[in-house]
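Worth saying up front: this structure is predicted, and the values here are computed from it rather than measured.
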Amino acid sequence: VQLQAFGGGLVQAGGSLTLSCAASGIISSPNAMGWYRQAPGKQREMVAQMSTTGTTNYADSVKGRFTISRDNVKITVSLQMNSLEPDDTALYYCTYSDIRRTYWGQGTQVTVSS
């Protein structure tokens with residue numbers, strides 16, 4: 001499985017960004033797609049995940065601000081990020097997980113200026 005992410009960039013605090021990711025290759029079901037992030041000097045953390053059945057899971061720090069969605073036909077996942085804060089600055093990774101393993105995209109940088 002290959003993952004291609006788009007949409008990172010620089011935004012002011014309070015602004016919005018949308019990240020998108022497309023998966024290709026041998027896709028199995030059920031699966032989960034989502035986003036992790038890693039800020040400098042910090043551990044990688046889960047941001048949001050969504051299963052093929054629509055079940056979602058969010059980090060407490062982004063609940064109410066970020067919304068994950070996916071298209072099971074196009075095999076894409078998106079992350080709408082609103083009310084961005086400087087602490088959201090990180091390298092964001094798209095992920096795809098099936099019963100065997102988790103695949104990681106190359107990462108896209110999100111920088112939020114204060």
Side-chain angles (χ1 to χ4, degrees):
V1 176
Q2 295 79 44
L3 299 168
Q4 182 69 48
F6 307 89
L10 173 64
V11 65
Q12 289 188 329
S16 299
L17 278 176
T18 301
L19 303 181
S20 299
C21 177
S24 60
I26 299 175
I27 305 297
S28 61
S29 185
N31 62 65
M33 296 186 72
W35 299 89
Y36 279 68
R37 68 186 181 187
Q38 186 166 21
K42 295 186 178 181
Q43 288 189 329
R44 190 173 295 187
E45 63 174 352
M46 188 278 297
V47 177
Q49 288 183 310
M50 191 171 191
S51 72
T52 43
T53 60
T55 300
T56 58
N57 186 27
Y58 291 94
D60 288 343
S61 59
V62 307
K63 284 180 181 176
R65 300 188 297 121
F66 292 10
T67 302
I68 190 170
S69 60
R70 61 180 289 172
D71 184 321
N72 289 336
V73 174
K74 297 179 180 179
I75 319 300
T76 59
V77 64
S78 295
L79 185 68
Q80 175 66 43
M81 304 184 293
N82 298 326
S83 302
L84 283 160
E85 304 168 353
D87 283 348
D88 295 318
T89 295
L91 192 59
Y92 283 69
Y93 296 91
C94 174
T95 63
Y96 165 91
S97 301
D98 59 25
I99 60 172
R100 293 167 295 176
R101 59 168 288 186
T102 296
Y103 297 81
W104 296 82
Q106 80 282 10
T108 184
Q109 179 68 37
V110 172
T111 303
V112 184
S113 63
S114 57

Salt bridge (Lys or Arg N to Asp or Glu O under 4.0 Å) involving Asp87 - partner list, sequence neighbours excluded:
none
For the hydrophobic clusters of this structure (ILVMFWY residues joined by side-chain heavy atoms under 4.5 Å, transitively), does one cluster hold both Trp35 and Val112?
yes
Quick check for you: to the nearest 0.5 Å, what is the distance between Ser114 atom OG and Gln12 atom CD?
9.5 Å
Which value, rounded to the nearest 0.5 Å, describes the distance between Thr76 atom OG1 and Leu3 atom CG?
11.5 Å
Taking Ile75 as the starting point, is it possible to reach Val1 by hopping between hydrophobic residues whose side chains are less than 4.5 Å apart?
yes
Would you compute the distance between atom CE of Met33 and atom OG1 of Thr102 and round it to the nearest 0.5 angstrom?
11.5 Å
Can you measure from CZ (Arg70) to SG (Cys21) and round to the nearest 0.5 angstrom?
10.5 Å
Can you name the closest pair of heavy atoms from Ser16 and Asn82 and give their distance?
OG-OD1, 2.9 Å
Are the side chain of Thr108 and the backbone N or O of Gly8 linked by a donor-acceptor pair below 3.5 Å?
yes
Please answer: with hydrophobic residues joined when any side-chain heavy atoms are less than 4.5 Å apart, are Trp104 and Leu79 in the same cluster?
no
With Lys63 via salt bridge (Lys or Arg N to Asp or Glu O under 4.0 Å) - residues at least two apart:
Asp60
So how far is it from Gln80 CD to Ile68 CD1, rounded to the nearest 0.5 Å?
12.0 Å
side-chain contact (heavy atoms from CB on, under 4.5 Å) with Tyr92: which of Met81, Gln38, Gln109?
Met81
Provide the closest heavy-atom pair for Ile27 versus Asn31 in the form atom of the first, atom of the second, distance.
CG2-ND2, 3.9 Å
Sequence neighbours left out, what passes salt bridge (Lys or Arg N to Asp or Glu O under 4.0 Å) with Arg44? Give chain and number order.
none
d(Tyr96 OH, Tyr103 OH) to nearest 0.5 Å is 7.0 Å
For side chain to side chain contact (heavy atoms under 4.5 Å, CB included), just list the numbers for Cys94 and Val77, CA-CA rounded to whole Å, side-chain angles, deciding distance to a tenth of an Å, and then say yes or no.
CA-CA 8 Å; Cys94 174; Val77 64; 3.9 Å; yes
For Arg100, what residues pass the salt bridge (Lys or Arg N to Asp or Glu O under 4.0 Å) criterion, not counting sequence neighbours?
Asp98
Please, which pairs that meet ring pair (Phe, Tyr, Trp, His ring centres under 6.0 Å) have at least one residue in residues 40-86, sequence neighbours excluded?
none
Scan the side chains in residues 45-53 for donor-acceptor partners under 3.5 Å anywhere in the protein, sequence neighbours excluded, and list what turns up.
from, atom 1, to, atom 2, distance (Å)
Glu45, OE2, Arg37, NE, 2.7
Glu45, OE2, Arg37, NH2, 3.1
Ser51, OG, Thr53, N, 3.2
Ser51, OG, Thr53, OG1, 2.8
Ser51, OG, Gly54, N, 3.4
Ser51, OG, Thr55, N, 3.1

